[in-house]
Each structure stands twice: as C-alpha cells, then as structure tokens.
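Below: one structure, written as structure tokens.
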Amino acid sequence: MTMLAIIGGSGLTHLRSLTVRKRRVLQTPYGEPSAPMVYGAMGGHEVIFLPRHGHGHTIPPHRVNYQANLWALKECGVSHVIAVNAVGAINVAFTPGSLVLPDQIIDYTYGRAHTYFGSSPEPVTHVDFSEPYCEALREVLRDGATRARLALVSGATYAATQGPRFETVAEIRRLERDGADVVGMTGMPEAGLARELGLCYASLSVVANFAAGKAEDAIDLKAIERTLESGMTAVRTLLEHAIPRLYDAS
Ligand code: HPA
C-alpha cells in the first residue's frame, strides 16, 4: 500500500495545504524523532509530515536523529518519502530559487549515526546504493513539476557536508572537482538509512544560494531566507500536483 511522508527541511516546517488530522508522538529504539508525526490529507490523500529540524527549527543538521526519523516513518507504514532539502549551488547553472532533483550523492559527513546495521550480532549486512534515489518517485516529482508548470532540473550530484557552518571556497572547489552540483547538510545519512529500511526515497532540493566563492557577494543569510520562502511556495505547489500522481499510479 502506498503511504507518503514528506520530510520538510529549512523553510518548510509546515505544509499549508495539509489538512491536519492528528499528531502522533513516537519513540523508537533509536530515540525520539525530530517532532511528532503530523497526519493529514493533501488533495484527499493521506500524507505524513515530519519537520526534520523540529517544529521550531531548533535541531541543527548534525544533531538531527536521522535513525529515529526514518524508523518512525517506517513504523507508521510509510512506503515513500519525499525529502525536501535546501542546498547551495556549486554548478552555477542552478540559480537561487531553482528546484533540483538529484540523482547521485556523495557523503562528506562524519560522526553521524548512519546505519541500522552497526551494532547487532547479526551477520554483516550491505545494501546496494549505486542509485541512491528511488526512480519511481523521481518520475512522480518530474510529472508533478510538468503539471504545475514549474521548472525542475532532473539529475544532479548532491554533496552532503557536515555543517552547521557553510563551506570554505577551497572546500567548494574540491566538491566541484569531485563532480558535485549542489551542496547541503542533510542529505546523508538520511538517504542511506531510507535505503536500509527499503523505503522509496527521493530528494527535492531547493537552491537557496550560490555556494561559497560562486558569487561576487558573500553568502547573505537574510537573502537565503527570502529565497527559501519563495522556493518553498514552489515546492508546495509541486507536491500538490505530484501527490495525486503517486496515489493514482499505485
Ligand atoms: N552549503 C551547505 N548547505 C547549504 C548551503 C550551502 O551553501 N545552502 C543551503 N544549505
């Protein structure tokens, strides 16, 4: 059965068009998720919403309990996860405000609990992660963008950095040499954990700024906030168009 969850990132702590039915506080073997799960309906379809940084946006990227978040979603019967991520553009073809659908990811994070297969006495388990995002869900998002008449760049490599500080110019040059197009702080270990749980997971990334050294001006946090505000309006519109496709297709 199809059941969609949306993990909201910076700038998306609630979903305007979600008719809230209930909130559910969950405990997991890995601790507490970022916030109670918000159950609601969008266009008549049941959706669960989880703000990654907490309802008041108080949890920084390196402190998010990714294990608890994904585990709790699985526990709620979720099959598909759309993760919304704010990113900086390394590839300057992606201007602030652009919506991007990454197809690859490189993990530069450290010290985050990144696997469910680390501590038990079970045999060593590996998962295939060659294609880190679920193509069926990427297709639904592309279709939603077309219906909403929104531009969506499909295909980009996401560099997941530790944060919470932004990168140096040299770090961005290195990520560029590595082949990354966008950089964000929350893409991993979330995508890997979703794969370990067998969830169909895709990231919808919103470009908030040009990455360090990629614009004349220094990174301006106020400008990022403004860009994210309009970017998230586009995200909501895209989701409203994509969700019926997901449920109709299954
Ligand atoms: N770097 C890392 N994460 C980000 C950025 C950035 O420039 N912009 C938004 N999230």
Side-chain angles (χ1 to χ4, degrees), residues 6-13 34 50-54 56-66 69 81-112 114 132-133 151-153 155-193 201-236 238:
I6 296 161
I7 301 180
S10 294
L12 194 73
T13 46
S34 297
L50 175 63
R52 186 186 287 113
H53 301 284
H57 201 273
T58 51
I59 311 169
H62 63 293
R63 302 285 304 271
V64 170
N65 191 337
Y66 298 95
N69 285 352
V81 178
I82 298 173
V84 181
N85 303 90
V87 295
I90 299 173
N91 181 341
V92 292
F94 301 171
T95 51
S98 305
L99 302 182
V100 181
L101 196 59
D103 61 350
Q104 280 297 325
I105 192 161
I106 305 176
D107 189 4
Y108 300 93
T109 67
Y110 48 88
R112 303 183 181 189
H114 67 287
Y133 301 109
L152 174 66
V153 185
T157 296
Y158 179 122
T161 56
Q162 179 72 351
R165 64 166 177 80
F166 288 113
E167 298 70 33
T168 65
V169 170
E171 284 170 336
I172 293 299
R173 278 198 217 112
R174 172 197 174 202
L175 302 187
E176 187 171 30
R177 285 195 301 274
D178 284 355
D181 298 296
V182 294
V183 54
M185 302 172 191
T186 51
M188 285 297 282
E190 200 174 85
L193 291 166
Y201 175 101
S203 159
L204 180 55
S205 294
V206 182
V207 178
N209 56 285
F210 286 115
K214 289 294 172 185
E216 301 266 301
D217 307 326
I219 288 177
D220 173 348
L221 296 176
K222 278 273 162 263
I224 288 183
E225 240 171 72
R226 283 195 300 275
T227 306
L228 279 181
E229 212 166 289
S230 58
M232 291 308 161
T233 302
V235 164
R236 289 185 186 99
L238 196 160

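Reckoned from all heavy atoms, side chains included, excluding hydrogens, waters and symmetry mates. Just so you know, ligand 1 is whichever comes first in the structure, and atom 1 is the first atom listed for that ligand.
Taking all atoms of both residues into account, the shortest heavy-atom contact from P61 to Y66 is O-OH, 2.7 Å.
Using a 4.0 Å cut-off between charged nitrogen and carboxylate oxygen, R112 and E190 do not count as a salt-bridge pair. Salt bridge R174/E167: absent, no basic N to carboxylate O contact under 4.0 Å.
If you number the atoms of ligand 1 from 1 as listed, the ones under 4.0 Å from a heavy atom of F166 come out as 1 (N), 2 (C), 4 (C), 5 (C), 6 (C), 7 (O), 8 (N). Those atoms of ligand 1 that come under 4.0 Å of a heavy atom in G88, given as number and element, are 4 (C), 5 (C), 6 (C), 7 (O), 8 (N), 9 (C).
Atom NE2 of H62 is surrounded by more than 12 heavy atoms from other residues, nucleotides or ligands within 6.0 Å.
Summarising the contacts of atom 8 (N) of ligand 1 with N209, L228, N85, the nearest heavy atom is found in N209. In this structure, of E171, K214, E167, Q162, the residue bringing a heavy atom nearest to atom 2 (C) of ligand 1 is E167.
Of the protein's heavy atoms, A86 O, 3.4 Å lies nearest to atom 10 (N) of ligand 1.
Residue V183 forms a side-chain contact (heavy atoms from CB on, under 4.5 Å) with just one option from I106, T161, T157, V87, and that option is T161.
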